[in-house]
Amino acid sequence: MLKIELLNVKTKKIDTVTQDFISSRLVRRGLELQVEFKEGKKADLELLDEVIDFVVSVFDNPKVTTDTILDGLDGKYMWSILGNIVSQVVNGGNDTESDSGK
C-alpha cells in the first residue's frame, strides 16, 4: 500500500491518502521515470512536473492533485518523498521510507 501525507493549506491539517492497487502500466511508467532520473537529460523542472503528474495518477484521489502536492509537501523533502513513491511503485511497495509531507 502506498501512502502520501499532504498538508491541507486551508485547514492546516495533514490529509493522508493511500492507494492499494498499482497497475502494471504504472509500474512501467515508474521504470521510465527512474531511467530519466539516472540519465539526467531533462531539466529539473520538467522532470519534477512529470513525477508530480505520475504521483497524481498513482493515487487516483481528488485530494492528490498537482496543486495539493506543490502546496502540501515540504520543499526540503519533496524530491525524496516523490522519488520514494516512484520506487515503491516499481518495487511493489517494498520501500520503507516515510511519505510524509511534513
Side-chain angles (χ1 to χ4, degrees):
M1 173 176 66
L2 293 177
K3 176 178 81 168
I4 190 168
E5 295 178 346
L6 300 168
L7 175 67
N8 182 317
V9 293
K10 292 179 183 174
T11 65
K12 303 297 184 213
K13 294 183 180 181
I14 298 292
D15 287 332
T16 301
V17 181
T18 60
Q19 181 67 34
D20 291 322
F21 178 75
I22 303 298
S23 71
S24 297
R25 183 176 303 278
L26 288 170
V27 173
R28 184 182 189 291
R29 180 63 185 130
L31 288 167
E32 289 174 346
L33 286 171
Q34 284 187 332
V35 168
E36 290 175 20
F37 276 134
K38 290 177 185 171
E39 290 180 352
K41 293 182 181 177
K42 291 191 176 183
D44 285 346
L45 180 59
E46 184 180 4
L47 187 57
L48 176 61
D49 288 344
E50 287 185 27
V51 171
I52 289 173
D53 288 344
F54 176 74
V55 170
V56 168
S57 69
V58 165
F59 282 94
D60 189 30
N61 185 302
K63 289 184 178 181
V64 182
T65 66
T66 298
D67 287 334
T68 61
I69 290 172
L70 289 173
D71 295 335
L73 282 183
D74 187 324
K76 293 182 287 192
Y77 307 108
M78 175 190 67
W79 280 111
S80 65
I81 292 168
L82 297 175
N84 185 40
I85 291 170
V86 173
S87 293
Q88 287 185 63
V89 168
V90 170
N91 296 318
N94 293 328
D95 206 324
T96 58
E97 287 185 35
S98 171
D99 294 324
S100 173
K102 314 178 207 181

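All values reported here derive from a predicted model rather than from experimental measurement. Nothing fancy with the numbering, it's 1 onward along the sequence. Side-chain atoms are counted along with the backbone in the values below, which use heavy atoms only and exclude waters and symmetry mates.
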How far apart are the closest heavy atoms of Ile85 and Phe59, and which atoms are they? CD1-CE1, 4.0 Å

Rounded to the nearest 0.5 Å, what's the gap from [atom1] on [X] to [atom2] on [Y]? Could you check?
{"X": "Thr16", "Y": "Glu5", "atom1": "OG1", "atom2": "CD", "value": "4.0 Å"}
{"X": "Phe54", "Y": "Leu47", "atom1": "CZ", "atom2": "CG", "value": "12.0 Å"}
{"X": "Phe37", "Y": "Glu32", "atom1": "CZ", "atom2": "CD", "value": "13.0 Å"}
{"X": "Leu26", "Y": "Leu31", "atom1": "CG", "atom2": "CG", "value": "11.0 Å"}
{"X": "Leu6", "Y": "Asn61", "atom1": "CG", "atom2": "CG", "value": "9.5 Å"}
{"X": "Thr68", "Y": "Leu73", "atom1": "OG1", "atom2": "CG", "value": "8.0 Å"}

Are side-chain heavy atoms of [X] and [Y] found at a separation under 4.5 Å?
{"X": "Ile69", "Y": "Leu82", "value": "yes"}
{"X": "Asp74", "Y": "Ile81", "value": "no"}
{"X": "Val35", "Y": "Lys38", "value": "no"}

Are Val27 and Val58 in one and the same hydrophobic cluster, where Ile, Leu, Val, Met, Phe, Trp and Tyr link if side-chain heavy atoms are under 4.5 Å apart? yes

Taking only residues two or more places apart in sequence or in another chain, which ones pass side-chain contact (heavy atoms from CB on, under 4.5 Å) with Asp15? Asn8, Lys63

For Thr66, give me all partners under side-chain contact (heavy atoms from CB on, under 4.5 Å), at least two apart in sequence or on another chain. Ile52, Asp53, Val56, Leu70

Gln19 (side chain) donor-acceptor with Phe21 (main chain) under 3.5 angstrom: yes

Walk me through whether Ser87 and Gln34 qualify under side-chain contact (heavy atoms from CB on, under 4.5 Å). CA-CA 8 Å; Ser87 293; Gln34 284 187 332; 3.7 Å; yes

Lys/Arg N to Asp/Glu carboxylate O, Glu50 vs Arg29, below 4.0 Å: yes

